[in-house]
Amino acid sequence: MTGTHSSPPVATALWMMCAVAISGYFAFAAMQGDHGIFRRVQISADIAKLEVRKAELEAELARMQNLTERLSDTHLDLDLLDERARVVLGYLRADEVVVQ
């Protein structure tokens with residue numbers, strides 16, 4: 001009586017299912033994980049947004065440095081000083097009209 005052994009095909013199928021499951025896990029991790037492809041795309045988009053924000057802040061800093069320089073002791077811009085005093089203190093001369 002020659003019997004077929006069903007153990008090797010079952011073991012082979014089990015090994016194949018494990019290999020497919022492990023490969024699927026690593027493929028999923030490569031796409032969706034913390035260091036995956038989608039996360040890398042998201043980081044690249046965040047970098048682009050932050051570079052734009054950095055450029056805006058650098059422009060604002062340059063403007064503020066210019067105003068600070070113009071109000072410093074070494075280079076005093078009297079028109080700017082008058083304008084800032086009026087805005088901050090709310091002063092007007094008697095002959096001025098405010099248009100809002």
Side-chain angles (χ1 to χ4, degrees):
M1 190 148 152
T2 61
T4 59
H5 238 172
S6 64
S7 180
V10 170
T12 303
L14 186 60
W15 280 109
M16 289 299 282
M17 286 192 301
C18 287
V20 167
I22 290 172
S23 297
Y25 170 77
F26 284 121
F28 178 79
M31 296 295 282
Q32 300 281 339
D34 292 338
H35 304 288
I37 293 172
F38 293 141
R39 179 70 175 141
R40 185 172 298 264
V41 169
Q42 182 183 15
I43 288 172
S44 297
D46 289 346
I47 287 172
K49 287 179 190 175
L50 290 174
E51 285 176 347
V52 168
R53 180 69 177 139
K54 179 186 171 196
E56 292 171 354
L57 290 174
E58 285 175 343
E60 184 178 350
L61 177 64
R63 184 187 65 80
M64 291 177 138
Q65 286 176 335
N66 181 27
L67 290 175
T68 303
E69 175 66 26
R70 289 171 53 196
L71 290 174
S72 68
D73 292 337
T74 58
H75 182 271
L76 184 60
D77 186 353
L78 295 177
D79 290 333
L80 181 62
L81 180 62
D82 183 53
E83 173 190 337
R84 294 306 307 156
R86 289 168 185 268
V87 168
V88 172
L89 300 175
Y91 286 130
L92 296 174
R93 289 192 299 243
D95 61 342
E96 291 180 331
V97 176
V98 177
V99 178
Q100 292 184 0

Separation between [atom1] of [X] and [atom2] of [Y], rounded to the nearest 0.5 Å:
X	Y	atom1	atom2	value
Glu69	Thr74	CD	OG1	4.5 Å
Leu81	Arg86	CG	CZ	10.5 Å
Thr68	Arg63	OG1	CZ	9.5 Å
Arg84	Asp77	CZ	CG	12.5 Å
Leu57	Leu50	CG	CG	10.0 Å

| Pairing of Arg53 and Glu56 as salt bridge, 4.0 angstrom limit | yes
Can you get from [X] to [Y] by hopping between Ile, Leu, Val, Met, Phe, Trp and Tyr side chains that sit under 4.5 Å apart?
X	Y	answer
Leu14	Met16	no
Phe28	Phe38	no
Met64	Leu67	no

| message | Quick test of your reading: applying salt bridge (charged side-chain N to carboxylate O under 4.0 Å, His left out), list the pairs with at least one residue in residues 33-49, sequence neighbours left out, ordered by first then second residue. | response | none
| Looking only at heavy atoms, which two atoms of Leu71 and Leu76 are closest? And how far apart? | O-CD1, 4.0 Å
